[in-house]
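For reference, the structure I am asking about is given below.
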Amino acid sequence: MKKVLLLTQAVILSISFSYSQTLEELKATLAIQKDSLKVAQDRVNTTQGKIDAFPGWKKGAFGTVGGSVSNFNNWYAQKAPNNKSGNIGFTINAFANLDTKSFFWRNAGNMNLSWVKFDDKDNPNDNNRWREATDVFNITSLYGQKLSEFFAFSGLAEYRTTILNNFNNPGYLDAGIGGTWTPIKDLVVVVHPLNYNLVFSKTDAIFQSSYGTKILVDYTRQIQAVSFKTNLSMFQSYKSSDLSNWTWNNSFGYTLWKMIGVGFDFGLRSNKQEALKYYAINFDATSGDPEPTFENINNKLQTYWVVGLNYKF
């Protein structure tokens with residue numbers, strides 16, 4: 001009996017030792033394979049960097065899609081216990097850039113659209129249609145004649161408006177010349193002191209065109225699975241600070257599988273002319289409040305953000 005127990009223990013120890021030894025060998029093999037993969041990826045990144053450095057057209061696009069839907073029945077804890085609601089939105093960032101030894105031509109477009117819906121099933125008079133929530137459209141074209149490795153004499157055209165509602169009312173077209181600084185790869189800083197800000201609007205008393213300085217800062221980069229873009233567009237009017245405006249848009253994307261991932265977009269904006277139009281539309285002369293003017297309106301910061309699935313091409 002003792003011999004059987006000893007034999008059984010020996011077999012178990014042998015199996016355990018063999019399993020442990022095999023597991024350690026597998027871990028060692030895995031470590032070597034990971035190192036090989038890292039070396040191979042480094043070589044791929046180096047080669048891709050050399051390809052990207054060659055003159056010629058560089059094109060790409062990425063964006064974010066987000067949305068949700070909900071349905072409540074007899075949910076008495078809330079004000080509208082029976083309702084259907086939803087929201088959907090998407091952003092697109094596209095670019096087409098040409099870079100040569102003597103000049104560059106950079107083109108970019110950004111669009112951010114979203115809709116919301118809220119249907120109170122107990123209220124037959126509520127607005128249960130899909131309504132526009134975010135409406136941003138922007139395209140730019142920058143041409144530069146290189147004076148050195150980092151500086152260029154440049155011309156810029158930029159157009160901004162909404163497309164779902166109030167198309168070109170207002171719409172902004174900046175056109176001007178000045179200088180462009182490119183201190184590092186993918187970073188562009190534009191300063192154009194000779195710029196005209198042409199404003200299209202049916203309400204000429206509020207929206208006015210003027211000369212001023214145009215400042216544009218753009219950084220678009222893709223690092224392996226991460227894509228991001230930040231763009232600051234600013235106009236400083238020589239006529240009046242009431243006619244100045246700025247917009248700062250940001251997009252981030254992380255690819256999880258093939259071309260699909262997660263993304264986050266947010267934007268900030270300040271425009272006193274738009275603020276005055278908003279207050280003028282909603283002004284009630286019987287309320288006793290003073291009629292809105294540039295001097296008494298509250299020009300609040302405009303913001304938006306979108307979180308959802310990310311895609312790139």
Side-chain angles (χ1 to χ4, degrees), residues 57-67 87-98 104-115 132-143 154-176 180 182 186-190 192 195 197-200 214-223 226-235 245-255 259 261-271 274 301-313:
W57 283 101
K58 301 295 187 299
K59 304 175 184 178
F62 69 96
T64 302
V65 177
N87 67 81
I88 185 171
F90 68 91
T91 64
I92 298 175
N93 296 282
F95 64 90
N97 301 328
L98 175 63
F104 60 78
W105 185 20
R106 304 177 63 90
N107 303 277
N110 169 261
M111 184 167 60
N112 187 326
L113 306 176
S114 68
W115 298 261
E132 301 87 356
T134 306
D135 193 355
V136 178
F137 180 77
N138 182 27
I139 55 175
T140 61
S141 183
L142 173 68
Y143 176 85
S154 56
L156 171 71
E158 181 185 50
Y159 177 67
R160 306 184 308 280
T161 187
T162 56
I163 58 177
L164 297 178
N165 192 18
N166 295 326
F167 175 72
N168 212 36
N169 183 35
Y172 304 90
L173 176 63
D174 279 294
T180 296
T182 53
D186 301 313
L187 174 62
V188 178
V189 181
V190 179
H192 286 179
N195 184 88
N197 180 240
L198 178 60
V199 184
F200 305 96
K214 180 70 176 183
I215 299 174
L216 179 71
V217 181
D218 184 274
Y219 188 61
T220 304
R221 188 74 186 274
Q222 180 176 329
I223 304 176
V226 179
S227 300
F228 58 91
K229 176 184 180 67
T230 181
N231 180 279
L232 173 64
S233 177
M234 180 183 300
F235 172 73
N245 61 78
W246 60 268
T247 303
W248 185 28
N249 293 322
N250 300 270
S251 299
F252 301 89
Y254 183 78
T255 303
M259 296 186 297
V262 293
F264 174 61
D265 293 75
F266 74 92
L268 306 174
R269 181 178 176 87
S270 177
N271 190 309
E274 293 176 350
L301 182 66
Q302 305 174 42
T303 66
Y304 77 81
W305 58 268
V306 179
V307 177
L309 292 177
N310 175 266
Y311 58 91
K312 70 174 183 177
F313 301 98

With a 4.5 Å cut-off on side-chain heavy atoms, are F90 and M111 touching?
yes

Roughly how far, to the nearest 0.5 Å, is the OG1 atom of T162 from the CG atom of N169?
8.0 Å

CG/L113 to CD1/I92 distance, rounded to the nearest 0.5 angstrom?
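Going from CG on L113 over to CD1 on I92, the span is 7.5 Å.
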
Is the backbone N or O of N165 less than 3.5 Å from a side-chain atom of D135, with the two atoms forming a donor-acceptor pair by type?
yes

Do F137 and L164 have side chains that get closer than 4.5 Å, going by heavy atoms?
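Sidechains of L164 and F137: no contact.
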
Residue pair V188 / L216, side-chain heavy-atom distance below 4.5 Å:
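Not in contact.
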
Looking at CZ of F252 and CZ of F62, how far apart are the two atoms once the value is rounded to the nearest 0.5 Å?
9.0 Å

Measure the CH2-OG distance between W305 and S114 for me, rounded to the nearest 0.5 Å.
11.0 Å

Looking at side-chain heavy atoms only, is the closest gap between T303 and F266 below 4.5 Å?
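Sidechains of F266 and T303: no contact.
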
Answer yes or no: is there a side-chain heavy-atom contact under 4.5 Å between R160 and D174?
yes

Do you know which two heavy atoms are closest between Q302 and E274, and how far apart they sit?
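Here Q302 and E274 meet closest at NE2-OE1, 3.3 Å.
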
Any residue meeting salt bridge (Lys or Arg N to Asp or Glu O under 4.0 Å) with D218, in chain and number order, not counting sequence neighbours
K229

Please find the pair of heavy atoms, one from G176 and one from H192, that lie closest to each other, and give the distance.
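In this case the closest contact between G176 and H192 is O-ND1, 3.3 Å.
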
Distance-only donor-acceptor check, side chains N245 and Y172, under 3.5 Å
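No - no donor-acceptor pair under 3.5 Å links their side chains.
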
State the OG-CZ distance between S141 and R106, to the nearest 0.5 angstrom.
11.0 Å

Evaluate the criterion side-chain contact (heavy atoms from CB on, under 4.5 Å) for residue pair N271 and F235; output intermediate values, then yes/no.
CA-CA 10 Å; N271 190 309; F235 172 73; over 6 Å; no

For a 4.5 angstrom cut-off between non-hydrogen side-chain atoms, does F167 reach F200?
no

Flag, side chain of N249 to backbone of G267, donor-acceptor distance under 3.5 Å:
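Here the side-chain-to-backbone pair does not exist.
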
Point-to-point distance, once rounded to the nearest 0.5 Å, from OH of Y219 to CZ of F228
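So the OH of Y219 and the CZ of F228 are separated by 5.0 Å.
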
Under 3.5 Å, side chain of N138 to main-chain N/O of N110, donor-acceptor pair present?
no

With N107, which of Y143, F95, W57 fulfils side-chain contact (heavy atoms from CB on, under 4.5 Å)?
W57

Looking only at atom types and distance, does a side-chain atom of T91 sit under 3.5 Å from a main-chain N or O of T64, one as donor and one as acceptor?
yes

Taking T134 for the side chain and N112 for the main chain, is one N or O donor matched with an acceptor at less than 3.5 Å?
no

Taking all atoms of both residues into account, what is the closest heavy-atom pair of S251 and N93, and its distance?
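Smallest interatomic distance, heavy atoms only, reads OG-ND2, 3.0 Å.
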
Examine Y254 together with F264 and report whether their ring centres are nearer than 6.0 Å.
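No: the rings miss the under 6.0 Å criterion.
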
Quick one, E158 with N195, criterion side-chain contact (heavy atoms from CB on, under 4.5 Å). Give me CA distance, side-chain angles, the key distance, then yes/no.
CA-CA 11 Å; E158 181 185 50; N195 184 88; over 6 Å; no

Just checking W248: does its CH2 atom have more than 12 heavy atoms from other residues, nucleotides or ligands closer to it than 6.0 angstrom?
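No, the 6.0 Å shell around CH2 holds no more than 12 heavy atoms from other groups.
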
For the residue pair D186 and T220, establish whether any side-chain heavy-atom pair is separated by less than 4.5 Å.
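Counting from C-beta outward, D186 and T220 never come under 4.5 Å.
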
W246 versus L268: any side-chain heavy-atom pair under 4.5 Å?
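A side-chain contact exists here, since the closest heavy-atom pair is under 4.5 Å.
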
